[in-house]
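One structure is given here, and the rest of the page talks about it.
In what follows, chains are A, B, ... by sequence order, proteins preceding strands, each numbered from 1.
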Number of protein chains: 2
Amino acid sequence: MDRKSQQRPLRADAERTVRAILEAAERVLSANPAATMEQIAEAAGVARTTVHRRFTSREALVDALTAWATRQFHEAVTSAHPDSAPPLVALYQATANVLRVKIGWGFAMSRTAPQDPEVARAHADVLDQCHRLFQRALDAGVLRPGTDLAWARRVYYALIHEAAQNRSDDADDVDELATLVVDTLLRGMGQPGSVLGPR
Amino acid sequence: MDRKSQQRPLRADAERTVRAILEAAERVLSANPAATMEQIAEAAGVARTTVHRRFTSREALVDALTAWATRQFHEAVTSAHPDSAPPLVALYQATANVLRVKIGWGFAMSRTAPQDPEVARAHADVLDQCHRLFQRALDAGVLRPGTDLAWARRVYYALIHEAAQNRSDDADDVDELATLVVDTLLRGMGQPGSVLGPR
DNA sequence: ACTACTTGCAACATCGATGTTGCACGTTCT
DNA sequence: AGAACGTGCAACATCGATGTTGCAAGTAGT
């Protein structure tokens, strides 16, 4: 959890409250991004004033949420070794890892990089890693020559986003979804022999 | 324009004001969905009170915007003859038509079907047409046998959404984008000969 | 057990957005 | 030209959300 929002160390019960608030915020805000602090507090099972005691402002709460998710996002990509593992393996691993995070932290991850420099750096770093991975995939012949890497990346992100909507807490599901995403990204849905199919 | 928001016929200048407000609302809200009526009024070049005179509430304004966009969306799909034209032709036509609408009415089209029964029907109708088209594409061998049509539709929507972000008012661009979308949907970005490529 | 921390509750302050009204001035339509 | 309509402006009313504070009661850590 982010320690920037709290100057002093927290007592155990307060620590639990903070977690409860962040988890409730994710749940409530993913259903309705304009939800009030009151609704978040209620979902967390605490009084509204308590939320304000733990987070200076609504913005601070959302920022903490974003920072938390961003760190997990970064870890998910980095642990797939996108710069060293074979492109296809890394692509699959990264996909599965990111899906695991994105399911359950959809709201926090949908936030675009805020002013927090650490968060912005993490986002940029992920973007770079993704770009390098796609470049390696291109060089290795996994991607068709001439592929627009920027477009490829955006399609990839979009596919992950769509796949994450099929949320289920089943662990096996993540592997199935990752397979679906990578398969769709690389092969599309057309018939090879068809008119517009691969030449 | 929607006549439901106005009981009596409008004078010519008022008609122009309504259009200006709707266009400004689209522009402003697509940049910031939480924008205030004040900002919309300013962008439309009118006083805030005028906006409230033309639209009972913020909700009414957004609804009118949604209704307007939905009608164009429906027309865009229907005019591609998705039930009679060859699947590939219809797919391309529908894509290009929808892109034309979506570029410039991105906010209004991103709204999920509201309570208005007419709008809900139009959305459902588009969904049906899309599904039937995909089914025909599957039967015609354009889509790979075994393709999950629900997943295919969602990927298709997502691709259109992404393509629409490359907004430019160039008319030729729409054809290029439509080609890109259909091509990506059917062939993906992988190399045919590669490991995970088409078998 | 004692201290320090944390929480709920009630009350209050503030702020921004929404929506309304009256009036004066301009515009459209006939 | 004259009636009906539309708009800008200023002022007001309301409302919900945010954020703050004091206090009493409960809980964690020693």
Side-chain angles (χ1 to χ4, degrees), chain A residues 1-66 107 111 114-115, chain B residues 1-66 107 111 114-115:
Chain A
M1 216 98 327
D2 194 0
R3 278 304 172 287
K4 285 188 210 159
S5 16
Q6 301 101 31
Q7 306 77 335
R8 301 172 308 155
L10 290 179
R11 225 170 63 178
D13 51 353
E15 193 86 29
R16 258 169 306 183
T17 303
V18 170
R19 294 194 82 95
I21 292 173
L22 285 176
E23 284 165 14
E26 165 58 36
R27 257 179 292 134
V28 173
L29 291 176
S30 68
N32 170 24
T36 69
M37 300 293 264
E38 178 72 54
Q39 294 173 274
I40 295 171
E42 188 186 349
V46 299
R48 187 175 63 88
T49 45
T50 301
V51 178
H52 280 113
R53 280 206 196 85
R54 295 287 151 231
F55 301 93
T56 321
S57 66
R58 183 180 222 283
E59 199 189 354
L61 171 56
V62 173
D63 282 356
L65 208 56
T66 306
F107 169 79
R111 300 279 77 188
Q115 61 291 356
Chain B
M1 215 98 324
D2 195 359
R3 276 307 171 286
K4 283 187 208 158
S5 15
Q6 302 99 33
Q7 304 77 336
R8 301 171 310 153
L10 290 180
R11 226 170 61 179
D13 52 352
E15 194 86 29
R16 259 172 286 149
T17 303
V18 170
R19 293 193 84 93
I21 292 173
L22 284 176
E23 284 164 14
E26 164 58 36
R27 258 179 291 135
V28 174
L29 291 176
S30 67
N32 170 23
T36 70
M37 300 293 265
E38 178 72 52
Q39 293 172 275
I40 295 171
E42 188 186 350
V46 299
R48 187 174 62 88
T49 45
T50 300
V51 178
H52 280 112
R53 280 204 196 86
R54 295 287 149 233
F55 301 93
T56 321
S57 66
R58 184 179 221 282
E59 198 189 354
L61 170 56
V62 174
D63 282 356
L65 209 57
T66 305
F107 170 80
R111 299 281 77 187
Q115 61 290 357

| message | Working note: B:D63 + B:F55, criterion side-chain contact (heavy atoms from CB on, under 4.5 Å); need CA distance, chi angles, decisive distance, verdict. | response | CA-CA 10 Å; B:D63 282 356; B:F55 301 93; over 6 Å; no
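- When the P atom of C:dT20 is taken as reference, atom CZ of B:R58 falls 15 Å away, rounded to whole Å.
- Listed by chain and number, the residues in a side-chain contact (heavy atoms from CB on, under 4.5 Å) with A:R58 are A:L29, A:M37, A:V62 (sequence neighbours excluded).
- Of all the heavy atoms in B:A44 and B:I21, the pair that sits closest is CB-CA, 3.9 Å.
- Within residues 28-44 of chain B, no residue is approached by DNA chain D to less than 4.0 Å at the level of any non-hydrogen atom.
- B:A14 meets the side-chain contact (heavy atoms from CB on, under 4.5 Å) test with B:L10, B:R54; sequence neighbours excluded.
- For B:T50, the side-chain contact (heavy atoms from CB on, under 4.5 Å) criterion is met by B:T17, B:V46, B:A47, B:R53, not counting sequence neighbours.
- The C1' atoms of five pairs define one axis at each end of the helix from C:dA1-D:dT30 to C:dT30-D:dA1, and these two axes lie 50° apart (to 10°).
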| request: Output, in order, the C-alpha distance, side-chain angles, deciding distance and verdict of side-chain contact (heavy atoms from CB on, under 4.5 Å) for A:E15 and A:R11. | output: CA-CA 6 Å; A:E15 193 86 29; A:R11 225 170 63 178; over 6 Å; no
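- Around CD of A:E42, the count of heavy atoms belonging to other residues, nucleotides or ligands within 6.0 Å does not exceed 12.
- Scanning all heavy atoms of the two residues, the minimum distance from A:A24 to A:I40 falls at CB-O, 3.8 Å.
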| query | What is the per-nucleotide protein-contact pattern of nucleotides 5-15 of chain D, from the 5' end, where B denotes a base atom under 4.0 Å from a protein heavy atom, S denotes such proximity for sugar-phosphate atoms only, and - denotes neither? | reply | BSBBBB-----
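- A pairwise comparison of heavy atoms in A:S30 and A:R27 identifies OG-O, 2.9 Å as the closest pair.
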| task | May I have the step-by-step check of side-chain contact (heavy atoms from CB on, under 4.5 Å) for A:L61 and A:L22, ending in yes or no? | result | CA-CA 8 Å; A:L61 171 56; A:L22 285 176; 3.8 Å; yes
